[in-house]
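The block underneath contains the structure these notes are about, expressed in structure tokens.
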Protein chains: 2
Amino acid sequence: MALKARRALASQVRQRLRILISTGIYPPGSRLPNEGELAEALGVSRTTLREALQGLAEEGLILRRHGHGTFVNQYPQQLTTSFDRNFSIGDLIRAGGHRSTTRDIVIQTRPAQSYVATRLSLLPEDEVLVIERVFLADQRPVAFSVDCLPAILLAEANYELTDLYGDSLHAFLAQRLGLTVHHGIAQLRPLLAESWLAQKLDLSSGTPLLYLEQVDYTLEQRPVLFSQAYHVADALEFIVYRRGPGER
Amino acid sequence: MALKARRALASQVRQRLRILISTGIYPPGSRLPNEGELAEALGVSRTTLREALQGLAEEGLILRRHGHGTFVNQYPQQLTTSFDRNFSIGDLIRAGGHRSTTRDIVIQTRPAQSYVATRLSLLPEDEVLVIERVFLADQRPVAFSVDCLPAILLAEANYELTDLYGDSLHAFLAQRLGLTVHHGIAQLRPLLAESWLAQKLDLSSGTPLLYLEQVDYTLEQRPVLFSQAYHVADALEFIVYRRGPGER
DNA sequence: AAGTGGTCTAGACCACGGC
DNA sequence: CCGTGGTCTAGACCACTTT
């Protein structure tokens with residue numbers, strides 16, 4: 001416990017406050033001690049405490065009122081999965097309280113189609129590793145996804161095919177290739193299931209699906225993953241936390 | 001210019017830096033002066049400068065690398081509309097470069113349906129003001145929306161019906177009722193246009209639509225607006241910037 | 001080893017809300 | 001008026017990256 005966990009201080013304080021609130025030390029509706037006292041009680045500076053409080057306020061766990069005090073929210077919102085976070089389909093399924101598995105996996109290398117090459121900043125003759133699979137929530141098919149990785153990223157890496165079976169490609173990118181996904185840009189569209197797709201998902205043709213097309217980037221704005229996913233609507237919840245417009 | 005614009009300092013610095021970058025003082029790819037120098041040059045503390053830099057990094061305008069420096073991003077992402085921001089449909093249309101108008105407006109007060117009452121924390125017998133309308137982008141219908149406002153909010157306010165015609169209810173809430181929408185929680189679902197809806201939007205029945213259901217809250221977590229919107233998919237773009245998972 | 005961004009502190013002053 | 005949260009500062013020390 002010597003080093004590490006640096007900037008964690010504010011996060012630690014945040015966690016400690018969460019506990020103090022959930023255990024009823026600070027019950028819903030009550031007012032917290034003022035910032036000075038609270039900072040001293042927790043053994044951190046007021047600045048650090050404030051960062052923790054700000055985080056809790058954004059979570060909706062507390063309410064802050066200038067000149068009045070900081071209060072524990074009586075009606076906290078709880079979002080299991082907010083879509084502005086880059087979760088995998090597996091996470092989405094688990095957030096709904098189901099068990100996530102996959103089937104019908106196809107892994108192959110092939111030349112990038114033109115629209116894929118464009119999104120990944122590749123040349124048309126470049127190859128991509130394509131991973132197709134069906135996601136199931138408790139045995140029920142709920143999504144079909146196609147992921148494309150530039151083959152050149154894999155050229156010098158050592159990995160096994162089984163590494164690709166895990167439902168988090170982000171983890172694979174980070175652990176095997178040293179590439180951390182910083183953010184993704186996704187586009188949403190409703191779609192009707194064509195027969196080939198309906199068959200994969202055990203649906204009838206014409207069922208409405210939520211189609212998502214996404215490119216993931218590293219911190220350096222390098223595109224590393226192109227994904228297409230077809231989601232069965234009534235099986236997965238798509239919830240978005242939308243901040244009001246304006247300057248932070 | 002005496003008072004006001006308090007916490008604006010970091011925002012002001014941010015804006016000044018944007019200008020320094022866009023005018024080519026700090027061209028794309030170049031490294032900015034270190035934080036100490038930059039802070040002194042701009043006449044603010046390093047803390048304040050860092051807050052500004054952090055904002056610019058989140059915007060994607062600059063890249064920060066520990067132990068290396070801060071760089072102007074060569075390939076800045078520019079999202080006209082990111083869905084994690086609480087824009088109105090009118091904004092969405094204008095972001096696509098079209099002219100936004102509305103038609104078929106219906107405004108009436110009626111008892112809240114049970115699912116509406118639940119979402120707005122109202123009692124079943126409470127009344128809501130309902131605003132229905134069709135949005136057009138350059139004459140073409142692209143969305144149908146139903147907004148519900150608790151009637152009690154309007155009881156003591158003075159306003160005219162025409163205030164409700166503007167395409168930003170958020171602006172109405174802020175200016176007439178003193179209620180600022182802090183965030184909304186939205187749920188997305190694909191849907192097939194039923195005949196009544198298809199007729200309103202000049203579509204054929206069974207066309208896939210993107211359905212959005214949203215509750216807007218004030219900073220104090222008070223629900224003030226419930227909205228349902230049916231979007232024509234190929235007319236509007238739904239783009240989401242998804243940050244990588246993890247603690248803030 | 002030198003230079004950079006990352007974290008944390010203590011303290012000052014300001015603006016808002018209620019008494 | 002007082003107490004609260006909101007903003008800003010100067011400075012210390014740490015950790016990462018390159019030379």
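From a predicted model like this one, the values you see are computed outputs, not experimental measurements. Sequence lines set the chain letters: A, B, ... in the order given, protein chains first and strands last, and positions in each chain run from 1.
- At whole-Å resolution of the value, CZ in A/Arg31 and C1' in D/dG5 are 11 Å apart.
- In this structure, A/Thr48 reaches the C/dT9 phosphate: one of its side-chain N or O atoms is under 4.0 Å from OP1 or OP2.
- Shown here for B/Pro28 and B/Val72, the closest heavy-atom pair between the two residues is CA-CG1, 3.6 Å.
- Listed nucleotides: D/dG5, C/dG18, D/dA15. Nearest to the side chain of A/His68: C/dG18.
- Note: CG (A/Asn34) to P (D/dG6) measures 12 Å, nearest angstrom.
- Looking at which nucleotide of DNA chain D each of A/Gly67 and A/Arg50 is closest to, the 5′-most match is held by A/Gly67.
- When the P atom of D/dG6 is taken as reference, atom CG of A/Leu63 falls 12 Å away, rounded to whole Å.
- Put simply, the side chain of A/Arg65 and the base of C/dG18 share no donor and acceptor less than 3.5 Å apart.
- With distances taken from any side-chain atom of B/Ser45 to the nucleotides D/dA10, D/dG6, D/dT4, the minimum falls on D/dA10.
- Summary of the strand contacts: B/Thr47 and B/Gly69 both lie near DNA chain C, and taking for each the nucleotide with the nearest heavy atom, the more 5' one is attributed to B/Gly69.
- Residue B/Leu49 contributes atom CG, which lies 11 Å from atom P of C/dG6 at whole-angstrom precision.
- Along DNA chain C, the nucleotide nearest to A/Arg46 and the one nearest to B/Pro33 differ in position, and the one closer to the 5' end is contacted by B/Pro33.
- The existence of a salt bridge linking A/Arg14 and A/Glu58 is excluded, since no basic side-chain nitrogen approaches an acidic carboxylate oxygen closer than 4.0 Å.
- Ionic pairing of B/Arg242 and A/Asp216 is not present here: no N-O contact between side-chain nitrogen and carboxylate oxygen is shorter than 4.0 angstrom.
- We find that CD of B/Glu35 is positioned 15 Å from C1' of D/dA12, with the value rounded to whole Å.
- In this pair, A/His183 and B/Tyr241 present their aromatic rings parallel. The plane angle is below 30°, not in the 30 to 60° band.
- For the pair B/Arg64 CZ and C/dT7 C1', the computed distance is 12 Å after rounding to whole Å.
- Here D/dA15 presents its C1' atom at 15 Å from CG of A/Leu9, a figure rounded to the nearest Å.
- If you take CD of B/Glu51 and P of D/dT9, they are 10 Å apart, rounded to a whole angstrom.
- Contact record, A/His68 with A/Arg31: O-NH1, 3.2 Å, taken as the closest heavy-atom pair.
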